[in-house]
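Just so you know, ligand 1 is whichever comes first in the structure, and atom 1 is the first atom listed for that ligand. This chain uses plain numbering: 1 for the first residue, then up along the sequence.
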Amino acid sequence: MSKATLIDTTYCIGCRSCQSTCKQWNDLPAEQTVLLGGDKGLQNPNTLTSSTFAVVTFDEVEDASAPGGLRYVSTKRQCMHCEEPACAAACPVTALHKTESGAVAYDASKCIGCRYCMWACPFGVPTAEWDSLAPKIQKCDMCVGRQAAVAPVERNGVALSAEERTRLAAAYATPACVKQCPAGALKYGDRDELLKEAHARIAASPSKYVDHVYGEHEVGGTNMLYLSPVPFEKLGFPMDLGTDPLPRRSAVALGAVPPAVIGVGAALGGVYALSKRKQEVKAKEGKAHEHHPEFAPVKQPFWTTANKLLAAVMAWGAISFVARFALGLGGSTNLSDTYAWGLWIVFDLVWIAVAAGAFATAGLIYVLQRKDLYSIGRSAVLMGLLSYSFVTVTLLADLGLPWHFWRLGTEAPHHSAMFEVSWCVGLYVTVLAFEFMPVPFERWGMKKAMDAWKRWSPWYVVGAVTLFVYLMSRNVLIAAGAAAVFSVLAYAFRTRPGEKPVPILLAIAAVTLSTMHQSSLGSLFLLMPDKLDHAWWSPVMPVYFFLSSIAAGLGLMVLVELWIAKAFKRQVRVAQLAALGKVAFWALAVYEAFRLGDLAVRGQLGHALTGPKAGLFLAEVVLGGLLPLVLLGAAKLRERPAVLGLASALATGGIVLNRMSVVVFAMNLKGAMPQDSAQPYLPSAVEWGVSLGLIAATIFLFGLAVRHMPVLPKEEPAQAANEPNAEQASA
Ligand code: SF4
Ligand code: SF4
């Protein structure tokens with residue numbers, strides 16, 4: 001039976017013995033505080049911090065039944081020890097976990113400092129050690145260490161009686177705060193018994209209490225139960241959390257990942273087989289159009305003014321990166337217990353979305369056999385590889401303890417979106433590297449390496465996908481299913497003698513893994529319905545994120561190709577870009593229809609259009625959705641590079657705005673418990689430096705690579721490059 005603590009605020013005298021005992025037991029340092037005054041009276045400090053796991057709040061509440069019409073209520077606040085804790089569901093390394101005794105325990109040695117638990121907790125409990133060079137989180141653990149402690153069997157050399165030993169063992173197992181409370185405001189015991197007692201107290205003195213035991217049902221129930229003489233909202237308790245445990249919202253989406261990997265992989269294999277068959281029939285009929293453009297390095301001087309500027313921004317980025325580690329996360333950023341995530345997470349979410357062009361083009365070119373787009377495949381993969389690699393660099397900068405990263409390989413969390421995204425992105429970077437390998441092999445005539453790549457890259461995919469499915473399911477049978485399906489694909493699509501090798505397994509893995517992590521980035525926020533405005537939060541956010549990434553990725557690819565044409569003084573490949581624009585149109589149309597339909601079904605459309613964030617919503621949907629749809633929907637407009645560029649910029653910008661809204665603009669962050677002292681956030685120079693430095697590095701390295709490797713197609717005569725062919729016309 002799980003244990004709980006009943007906190008009867010009518011007994012609390014505000015002496016703060018619990019608060020100071022908690023410090024003593026947990027060996028927490030003192031911290032500089034100020035006398036808050038006002039209606040907070042003696043409250044000190046203002047909120048929970050990494051050095052204060054429990055705080056007694058003071059609230060002066062209007063109450064006609066109280067002497068003078070005002071009631072002074074002091075309330076001990078700390079971790080609520082949720083029955084199904086969102087923090088533990090968030091943690092990618094099981095540093096937080098629910099124990100049988102009811103406590104949500106914390107193992108600091110496992111923490112990687114990702115701070116997802118801080119955003120997931122609906123009560124604002126975990127706080128970070130911002131002053132540390134290696135900031136972990138901290139929180140109350142209901143003194144689980146005391147439960148494990150062995151009570152003494154003698155005192156001053158005299159053996160204790162059995163009754164004394166039992167009494168001492170019980171005292172040891174009691175949380176320090178409960179043991180120290182001189183007023184009897186805290187009572188520790190079986191949760192069910194305490195609930196009965198709480199209701200009995202209300203029934204015996206209905207004028208003394210409001211008829212509500214806080215924690216009985218909130219977020220599925222908590223192991224801290226409260227009684228109050230005034231409505232809980234007047235004490236600052238969150239009242240909009242509902243009664244469903246938050247982890248159930250993301251468990252369904254994340255539980256679907258392993259079977260989805262197998263299903264998506266098999267489906268893509270089927271689509272490829274059909275597309276290939278169609279191509280073979282066309283070839284026999286002499287109707288197929290072969291597209292085998294030759295690729296060559298671009299011959300242009302490297303140290304242009306633009307590249308010198310990029311190098312300067314990269315230098316700022318490098319200095320910022322060093323400063324991040326020299327000064328620590330707290331010393332170099334403006335992150336806080338309110339904004340535990342900031343610019344770098346926005347940057348990662350945006351960059352992963354817009355880097356989706358790599359998987360979208362791989363799917364179009366190889367799975368759907370859109371050979372007319374073959375000429376942009378290499379630039380898409382290179383841009384994806386650079387972007388994703390730098391996303392992982394930003395993630396490392398953002399972690400409090402990046403050197404604990406290996407914990408992701410040894411821990412087995414249940415349904416942590418952060419765990420899924422970390423593994424999936426990591427494996428996808430390796431798939432992108434495999435996709436790009438033929439380019440340097442071809443450039444430097446590395447025939448043996450190329451032969452090894454042809455032979456082994458499909459089997460690398462089988463291994464990577466099987467590992468991923470095993471890590472997500474911890475089920476050998478499901479992993480064996482993934483291995484079997486991908487092995488069949490690798491065998492069925494092997495390169496026969498005389499055939500040109502097609503990296504179809506890599507393309508299938510790219511689309512499959514991207515589908516998973518793009519959607520799981522949406523799952524990250526399923527735990528936060530209490531914080532994210534419901535014009536953005538939705539139980540189908542994973543689908544939002546996946547669909548929007550295709551539109552954003554293709555939009556960015558159009559922009560990249562237009563930039564390549566301008567920067568390297570090449571022809572604009574109008575036909576190919578118009579074809580991409582058409583696919584982007586359909587991707588955007590499906591996404592916007594899904595988004596608006598979901599809002600309508602959930603009854604949130606009115607709120608989105610008229611609520612406090614209506615301007616933001618309209619900018620996203622009208623400027624970033626409807627307008628580019630109008631521009632991309634007309635074939636004639638799509639063929640005009642300026643219009644195509646504008647439409648792509650608007651579509652990509654709309655999705656960038658969506659991601660920024662999800663993390664910052666539409667997030668209602670209240671700060672650490674008692675959630676009444678939210679701190680503002682503006683990124684620091686170091687945060688900007690790392691972010692802009694990595695964007696500059698992406699462009700700089702892309703420019704360097706295309707000058708030394710065959711990434712871009714050889715220039716064709718203007719007429720031929722821009723002539724639409726039969727496939728494009730019918731596509
Ligand atoms: S209150 Fe927050 S930190 Fe405590 S168990 Fe619940 S979710 Fe975790
Ligand atoms: S690893 Fe991340 S989610 Fe887990 S306890 Fe540490 S900061 Fe919280």
Side-chain angles (χ1 to χ4, degrees), residues 2 4-5 7 47-48 50 53-55 76-99 101-130 132 134-142 144 175 214-215 218-226 237-238 241 244-250 329 335 337 340-341 345 395 398-408 410-422 524 527-531 670-675:
S2 83
T5 299
I7 300 175
T47 66
L48 297 186
S50 58
F53 297 172
V55 64
K76 176 181 176 277
R77 303 293 301 273
Q78 69 301 297
C79 174
M80 296 294 286
H81 296 279
C82 305
E83 291 272 65
E84 292 188 44
C87 59
C91 184
V93 289
T94 67
L96 293 155
H97 68 279
K98 184 80 178 169
T99 61
S101 71
V104 176
Y106 171 55
D107 181 348
S109 70
K110 289 184 179 178
C111 180
I112 57 173
C114 69
R115 308 181 303 286
Y116 184 23
C117 54
M118 293 173 71
W119 272 46
C121 172
F123 298 101
V125 169
T127 48
E129 299 167 329
W130 296 111
S132 165
K136 306 179 292 294
I137 64 101
Q138 292 294 354
K139 77 168 202 71
C140 150
D141 64 359
M142 216 200 253
V144 276
Y214 194 96
E218 281 75 11
V219 286
T222 66
N223 288 62
M224 290 302 207
L225 305 166
Y226 283 88
F237 281 59
L241 301 179
D244 292 334
L246 295 176
R248 293 199 193 161
R249 297 181 183 272
S250 59
L329 204 55
L335 298 173
D337 287 335
W341 285 352
I345 296 295
L395 278 176
D398 196 61
L399 288 182
L401 299 93
W403 48 91
H404 278 190
F405 207 69
W406 56 271
R407 288 275 183 194
L408 288 166
T410 58
E411 304 301 328
H414 293 292
H415 303 320
S416 163
M418 181 71 81
F419 181 76
E420 198 274 358
V421 169
S422 304
L524 281 175
L527 291 172
M528 307 170 196
D530 54 311
K531 299 182 185 75
K670 298 176 195 143
M673 186 181 260
Q675 298 183 297

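- For atom 8 (Fe) of ligand 1, the nearest non-hydrogen atom of the protein is Cys87 SG, 2.3 Å.
- Across every non-hydrogen atom of Pro247 and Leu527, the tightest pair is CA-CD2, 3.7 Å.
- Listed by number with element, the atoms of ligand 2 under 4.0 angstrom from any heavy atom of Arg115 are 2 (Fe), 7 (S).
- Looking only at protein heavy atoms, the nearest one to atom 1 (S) of ligand 2 is Ile112 N, 3.3 Å.
- In summary, the side chains of Trp341 and Asp398 do not present any donor paired with an acceptor at a separation below 3.5 Å, with no hydrogens or angles considered.
- Listed by atom number, the atoms of ligand 1 under 4.0 Å from Val104 heavy atoms are 5 (S).
- For ligand 1, the atoms closer than 4.0 angstrom to any heavy atom of Phe123 are 1 (S).
- Nearest heavy atom pair, residue Pro122 against residue Val219, reads CG-CG1, 4.2 Å.
- Residue Val104 comes nearest to Pro85 through the heavy atom pair CG2-CG, 3.8 Å, listed as atom of the first residue, atom of the second, then distance.
- Among all heavy-atom pairs drawn from Leu401 and Gly113, the shortest one is CD1-N, 3.9 Å.
- Protein heavy atom in closest approach to atom 2 (Fe) of ligand 1: Cys121 SG, 2.3 Å.
- Within ligand 1, counting atoms from 1 as listed, the ones closer than 4.0 Å to a heavy atom of Pro126 are 3 (S).
- If you look at His81 next to ligand 1, the close heavy atoms, those under 4.0 Å, all belong to the backbone.
- From the protein, the heavy atom lying nearest to atom 4 (Fe) of ligand 1 is Cys79 SG, 2.3 Å.
- Checking side-chain atoms of Lys670 against main-chain N and O of Pro238 turns up no donor-acceptor pair under 3.5 Å.
- When atom types are taken as modelled, the side chain of His81 and the backbone of Ala103 share no donor-acceptor pair closer than 3.5 angstrom.
- Within ligand 1, counting atoms from 1 as listed, the ones closer than 4.0 Å to a heavy atom of Ala86 are 7 (S).
- Here Cys117 has heavy atoms under 4.0 Å from ligand 2 in both its backbone and its side chain.
- Close approach of ligand 2 to Ala95 (heavy-atom distance below 4.0 Å) involves ligand atoms 5 (S).
- Within ligand 1, the atoms closer than 4.0 Å to a non-hydrogen atom of Lys139 are 3 (S), numbered from 1 in the order shown.
- If you check the side chains of Ser2 and Asn223, you find a donor sitting under 3.5 Å from an acceptor.
- Among protein heavy atoms, the minimum distance from atom 6 (Fe) of ligand 1 is reached at Cys82 SG, 2.3 Å.
- Residue-ligand proximity, Leu96 to ligand 2, at heavy-atom distances under 4.0 Å covers atoms 5 (S).
- For the pairing with Cys114, the side chain to side chain contact (heavy atoms under 4.5 Å, CB included) check across Ser422, Pro402, Pro92, Ser416 returns one residue only, Pro92.
- In Val93, the part holding a heavy atom less than 4.0 Å from any atom of ligand 2 is the side chain.
- With Cys140 as the partner, the side chain to side chain contact (heavy atoms under 4.5 Å, CB included) test is satisfied by one option alone out of Met80, Gln78, Arg77: Gln78.
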